[in-house]
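Before any comments, here is the structure.
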Amino acid sequence: MSLLDRHVGFVHALRTAGLPVSLAEGLDAARALQVIDLAERESLRAAYAATLVKRPSHRPGFDTLFDLWFPASTTGLYGPRPEDGPDAAGPDLETAAVPELRDRLAELLLGADGMNEFARAMVERFGRQPAGPGRQNWFSYSVLRALSPETLMARLLAEVLAGQERGGLAEKVARQRIGENTRRFEDAVSTDVRRRIAEDSGIERIARSAVRPPLEQLDFLRVTKADLSRLRREVQPLARRLAARLTVKHRLGRRGRLDFRRTVRASLSSGGVPLTTFDKPRRPHKPELVILCDTSDSVASFAHFTLLLTYALREQFTKVRAFGFVDTVDEITRFFVPGADVAESMTRLAKEADMVRFGRTNYGNAFERFAERYGDAVGPKTSLLILGDARSNYQPPALETLKRLSREARHAYWLNPEPVSQWDTGDSLATSYGGVVPMHECRNVVQLAAFIEELA
């Protein structure tokens with residue numbers, strides 16, 4: 001594969017993984033290759049990163065794809081260099097006993113050179129699993145299970161802290177250094193395993209599964225607890241960016257109504273001809289916002305993050321009230337007071353809010369109870385925002401109640417975290433509800449941010 005083919009394939013893989021890379025940036029990267037030493041792999045990595053990576057959160061995915069398209073070695077083409085010395089990766093690692101290999105790994109975790117070469121040799125020795133005639137699979141866990149780097153911590157601390165008091169600053173620094181080197185070794189093993197799988201199955205195939213989408217493009221319905229924690233940390237920065245953008249839009253938006261008195265007064269100097277017109281200052285409308293969200297387990301991460309972001313943007317609205325439901329409804333505004341701890345608010349919401357009676361999502365009953373108990377929350381100044389997947393367990397939809405709420409509101413919107421292709425499947429009533437309240441697909445932070453900007 002030529003360098004041009006690798007460049008084109010690498011840029012395409014970045015776009016496929018969700019990293020925003022424009023045509024102009026791809027050309028900038030190609031020009032950067034003309035002024036660096038292509039034999040220096042880290043210089044090549046730095047040139048690509050400087051021209052293609054926009055956010056720190058995109059860097060891990062970039063590095064994974066770079067290692068696939070520009071690997072440090074290919075199978076059978078690496079080995080010990082003359083200057084490596086007897087402890088470097090070499091033929092002895094193919095026959096050495098596991099205790100000797102663990103001794104070598106301990107040296108590397110304390111800072112010795114040769115981590116990547118050792119990792120490749122260990123993948124060659126322990127990572128291969130036969131998968132049929134002429135086929136083989138590669139795994140990281142078999143390498144880490146054979147060497148158990150995490151079990152070396154106590155031994156290494158005893159060597160480093162010989163004669164020193166335990167529990168002090170020296171131990172903390174040593175633990176941090178050994179832990180970082182352990183993660184470096186695990187990453188080196190994973191990188192070489194991916195490289196070998198790519199050689200066997202093709203780079204494009206492994207690239208599609210090796211990189212998760214960037215945080216802002218993660219599907220709300222598939223996020224893990226760790227992802228949700230990271231998303232919560234994104235709330236305030238995202239809210240600030242949106243608020244700044246909305247302020248600019250209000251400032252630079254269309255002009256206010258004609259100021260007739262100023263215009264006539266100015267026309268006196270030109271014989272009554274209004275050569276110059278004047279407008280009154282524009283007064284942007286700040287709507288009241290009522291949020292009605294499904295908090296059942298199937299959409300909990302979507303509802304929680306959306307509520308947090310909306311409350312972070314509350315300065316864009318005159319008033320914000322939130323209501324949660326599963327099969328009955330309760331007001332949850334009190335859990336989102338300014339300055340409240342995010343995790344604590346979520347815990348209190350789950351324990352204290354009266355949103356569940358029988359445990360099965362029932363949109364129709366929730367709409368009827370909302371209209372009965374909180375109908376006065378919706379009025380001519382209100383934007384009604386409904387969050388949920390429109391799956392009502394085959395219960396009556398209460399469309400007439402929803403129509404009445406929609407008519408009473410200034411605007412009504414529905415955000416559905418499911419892909420459009422899944423609407424109206426199973427117990428989904430997406431089309432029925434979408435005929436009453438305009439329904440929008442909202443699966444990730446990018447789509448949510450675009451919608452809130454439009455709403456506000």
Side-chain angles (χ1 to χ4, degrees), residues 239 242-243 245-260 279-295 303 306-325 328-338 353 355 363-388 390 397-416 429-442 448-456:
L242 279 175
R245 194 174 305 169
L246 293 170
T247 301
V248 171
K249 285 180 63 177
H250 288 165
R251 188 185 304 126
L252 301 179
R254 60 184 178 84
R255 295 176 298 179
R257 303 165 97 180
L258 177 69
D259 190 332
F260 184 76
D279 301 298
K280 295 180 179 179
R282 182 169 178 254
R283 297 180 180 178
H285 170 70
K286 280 191 174 184
E288 296 178 3
L289 183 63
V290 170
I291 308 168
L292 186 58
C293 67
D294 180 355
T295 57
T306 305
L307 284 170
L308 291 171
L309 179 58
T310 305
Y311 266 81
L313 280 169
R314 59 185 172 272
E315 67 270 11
Q316 298 298 324
F317 305 97
T318 303
K319 182 191 299 182
V320 178
R321 295 180 69 182
F323 302 85
F325 69 89
T328 189
V329 67
D330 187 20
E331 183 164 6
I332 57 177
T333 309
R334 62 188 182 277
F335 299 106
F336 295 92
V337 295
M355 301 178 294
Y363 279 78
N365 187 66
F367 291 150
E368 290 174 351
R369 297 289 77 76
F370 175 79
E372 177 184 324
R373 298 171 58 186
Y374 307 107
D376 58 349
V378 180
K381 296 182 179 180
T382 305
S383 289
L384 175 63
L385 179 61
I386 303 174
L387 313 174
L399 291 177
E400 290 303 319
T401 302
L402 182 60
K403 288 179 182 177
R404 186 170 70 254
L405 292 172
S406 177
R407 286 195 301 266
E408 292 173 354
R410 180 185 180 92
H411 302 290
Y413 310 90
W414 190 310
L415 299 186
N416 191 328
L429 296 171
T431 298
S432 299
Y433 283 134
V436 178
V437 176
M439 188 172 291
H440 305 267
E441 179 185 307
C442 183
L448 176 60
F451 174 78
I452 290 184
E453 183 174 348
E454 176 185 348
L455 170 67

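For the single chain, residues carry numbers from 1 onward in sequence order.
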Nearest heavy-atom pair of Trp414 and Val437: which atoms, and what distance?
N-CG1, 3.7 Å
Determine, step by step, whether Tyr374 and Leu292 satisfy the side chain to side chain contact (heavy atoms under 4.5 Å, CB included) criterion, reporting the C-alpha distance in whole Å, the side-chain angles of both residues, the deciding distance to 0.1 Å, and the verdict.
CA-CA 11 Å; Tyr374 307 107; Leu292 186 58; over 6 Å; no
Looking at residues at least two apart in the chain, or sitting in another chain, which of them share a side chain to side chain contact (heavy atoms under 4.5 Å, CB included) with Arg334?
Asp330
Tell me, please, which residues at least two apart from Lys403 pass salt bridge (charged side-chain N to carboxylate O under 4.0 Å, His left out).
Glu400
Distance-only, no hydrogens or angles: does the Arg404 side chain make a donor-acceptor pair with backbone N or O of Ala371 under 3.5 Å?
no
Partners of Ala322 by side chain to side chain contact (heavy atoms under 4.5 Å, CB included), sequence neighbours excluded?
Ile291, Leu307, Tyr311, Ile332, Thr333
Validation row: Leu402, Ile386 side chains within 4.5 angstrom (heavy atoms)
yes
Interatomic distance, OH@Tyr433 vs CG@Asn416, rounded to 0.5 Å, equals 12.0 Å
Give, for atom CZ of Arg410 and atom CG of Leu384, the distance between the pair rounded to the nearest 0.5 Å.
14.0 Å
Shortest non-hydrogen separation from Val378 to Glu408 and the atoms involved
CG1-C, 4.0 Å
Could you state the interatomic distance from CG (Leu429) to CE (Met439), rounded to the nearest 0.5 Å?
9.0 Å
Side-chain donor or acceptor of Tyr363 paired with backbone N/O of Pro397 under 3.5 Å
no
Quick one: CD on Glu368 to CG on Leu405, what's the gap to the nearest 0.5 Å?
10.5 Å
Minimum heavy-atom distance Thr401-Phe367, with the two atoms named
CG2-O, 3.6 Å
Looking at every heavy atom in both His440 and Phe451, which two are closest together, and how far apart are they?
CD2-CE1, 4.0 Å
When every non-hydrogen atom of Asp294 is compared with those of Ala303, the smallest separation belongs to O-CB, 3.4 Å
Of all heavy-atom pairs linking Ala412 and Pro438, the shortest is O-CD, 3.5 Å
Close side-chain approach of Leu289 to Thr382, heavy-atom, < 4.5 Å
no
Do the ring centers of Phe325 and Phe370 come within less than 6.0 Å of each other?
no
